[in-house]
Amino acid sequence: MCGRYALALRPSQIRQQFQDYNIPVDDAPEDEGDDAPRQSYNFAPGYHGMVYRVDVGDRGSAHREVATTATTSDRKELEERSQDQEADVSSDGLTNSAIQEPSSFGEDKETSSNSRPQYKLQSMKWGLIPFWTKRNPDYAAVLKTINCRDDSLAQPGGMWNTMKKGKRCIVVVEGFYEWLKKGPKEKVPHYVKRKDGKLMLLAGLWDCVTYEDNGQRLYTYTIITTSSNEQLRFLHDRMPVVLEPGSEEMKAWLDPKRHEWSAELQTILKPYRGELEVYPVSKDVGKVGNNSPTFVIPVASKENKLNIANFFQQKGAAGKVKPEATVKKEGGDEEKKTVEELQKTTDDGGMDTSGKGIKREAESPSPSEAPPTKKAVTGSVSPVKARLKISATKNPVRSPAKGKGKGDGSQKITKFFGNSA
DNA sequence: CCAGACGTTGTT
DNA sequence: GTCTGG
DNA sequence: CCAGACGTTGTT
DNA sequence: GTCTGG
């Protein structure tokens, strides 16, 4: 599946890639700033990553987003959906109205920028938290939503029900890691990326939650998994759903008009058919917090420390490293220390590629909120088991008559992406 | 009616 | 939020 | 996802 | 083993 990946590019670089693929980007985070995603060769759950999705814009003015072919029922549903917490955060008041600069991206040979949806890159936190969640959930609970199985979307109801209809997205990665189990103890990390070198665009879902005690919006996402393709079967039985940049499938996946789950959408969630590159990498990627461009470099076999040492020597940062220190020995302790030294040296020396990958998340939503961690308790009381749970609103509302029926809304839309199906 | 789950992977 | 179980 | 911690009493 | 942190 997908529990760790690489995303070292800056937002502006990602945006450029999208434009190279002829994929429109109407908005994106700044390279520096609070809403910038983390850049890391060792990107882990809980980090803020890069998500691409339709930008619904503010509520109430949904009309302007409706394509000319839209029916009145489409219009109605658009407005219904717009109450789902989806006000634009990126708008500091200026946004709305006329800011649609159609200039920046690819060929806007058409003046169609008024009739197509707006798309944006956005920083969100990995590990989906549904909008109805009341309090900051348990860490373990969040871990269980870093992925979403394709077959669980095929079933009606469930946790994903609202998101699969209206909050589909693309998760942008350069490649992902998978640990091959060679024994009960030994795991060898492998890196998986596209052979053609393009960004890997993963099918995902997103949501936005506001906890009771804190008015902040928190955007989160999950990555959809499916069966592995033939190429990855030796590694693992699951893999993320990889979409072709600019393809009709990608367009359909993001299409806001498709506001019901359908066989077509389900069909998109299939094992990747294209060519991948798969190879073992440094075991150091296993330790979260380590971050090095060497993590995406192939490693000869089990002895990967040597490659790392070579890399650092290239950078001129590891002059003091003795060659023999990198040789694998029985004393695991000693060699670990050596690697730490290596990496520490690099951090100080400033490796341009890692850049702000060292940046830490500023997670505290508000200074007033107590940390969710366990508190020290006096006396002989056993450790607190204050399990923070996701609790739903228990709300005495009668179930509204479901606005059911109606067509699939599979209207034809004006073209945006370069077609490459 | 209310209370509680709602999720994934991997290992057994 | 929606659905299930009691 | 993996790696790493997992504890107490008493004194300052 | 279970839980936390990244």
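Sequence lines set the chain letters: A, B, ... in the order given, protein chains first and strands last, and positions in each chain run from 1. Note: hydrogens, waters and symmetry copies are ignored here, and every other heavy atom, side chains too, is used.
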Over how many whole Å does the gap from [X] atom [atom1] to [N] atom [atom2] extend?
X	N	atom1	atom2	result
A:Arg4	D:dA3	CZ	C1'	9 Å
A:Asn147	B:dG7	CG	P	14 Å
A:Tyr47	E:dT4	OH	C1'	14 Å
A:Leu153	B:dC6	CG	C1'	13 Å
A:Lys181	B:dT12	NZ	P	10 Å
A:Lys134	B:dA5	NZ	C1'	16 Å
A:Phe176	B:dT8	CZ	C1'	16 Å
A:Ile224	B:dG7	CD1	P	14 Å

Exercise. Just wondering, do A:Trp132 and B:dC6 stack (centres under 5.5 Å, planes under 30°)?
Worked result: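 Per 5.5 Å and 30° rule: yes, stacked.
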Exercise. What's the verdict on ring pair (Phe, Tyr, Trp, His ring centres under 6.0 Å) for A:Phe295 and A:Tyr191, showing C-alpha distance, side-chain angles and the deciding distance?
Worked result: CA-CA 8 Å; A:Phe295 293 168; A:Tyr191 186 61; over 10 Å; no
Out of [options], which has the shortest distance to the side chain of [X]?
X	options	value
A:Lys287	D:dA3, D:dC1, B:dT8	D:dA3
A:Arg238	B:dT9, D:dC1, B:dG7	B:dT9
A:Val288	D:dA3, B:dG7, E:dG5	E:dG5

If we take the [atom1] atom in both [N] and [M], what is their distance in whole Å?
N	M	atom1	result
B:dT8	E:dG5	P	24 Å
D:dC6	B:dG4	C1'	30 Å
E:dG1	B:dG7	P	26 Å
B:dC2	D:dT9	C1'	47 Å

For this session: Please state whether the rings of A:Phe18 and A:Tyr21 are parallel, tilted or perpendicular, taking 30° and 60° as the class boundaries.
Result: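 Aromatic pair A:Phe18/A:Tyr21 classed tilted.
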Exercise. With under 30° as parallel and over 60° as perpendicular, where do the rings of A:Tyr5 and A:Phe43 fit, or are they tilted in between?
Worked result: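 Rings of A:Tyr5 and A:Phe43: parallel, as their planes differ by under 30°.
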Does [X] reach a base, just sugar-phosphate, or nothing at all? Heavy atoms under 4.0 Å.
X	value
A:Leu128	nothing
A:Thr222	nothing
A:Cys148	sugar-phosphate
A:Gly157	nothing
A:Asp237	sugar-phosphate

Problem set entry | Euclidean distance, A:Arg168 CZ relative to A:Ile268 CD1, rounded to 0.5 Å |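 Between atom CD1 of A:Ile268 and atom CZ of A:Arg168 there are 8.0 Å.
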For this session: Would you check if A:Met250 and A:Ile170 make a side-chain contact, meaning some heavy-atom pair closer than 4.5 Å?
Result: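 Yes, close enough: below the 4.5 Å cut-off.
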Exercise. Do any side-chain nitrogens or oxygens of A:Thr225 fall under 4.0 Å of OP1 or OP2 in B:dT9?
Worked result: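 Answer is yes, contact under 4.0 Å.
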For this session: Ignoring backbone atoms, establish whether A:Ser152 has a side-chain N or O less than 4.0 Å from OP1 or OP2 of B:dT8.
Result: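 Answer is yes, contact under 4.0 Å.
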For this session: If B:dA5 has a Watson-Crick or G-U wobble mate with both distances under 3.5 Å, name it; if not, just say none.
Result: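 Result: C:dT2.
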Problem set entry | Residue from A:Glu277, A:Glu174, A:Glu244, A:Glu275 passing salt bridge (Lys or Arg N to Asp or Glu O under 4.0 Å) with A:Arg194 |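 Single salt bridge (Lys or Arg N to Asp or Glu O under 4.0 Å) partner of A:Arg194 among A:Glu277, A:Glu174, A:Glu244, A:Glu275: A:Glu244.
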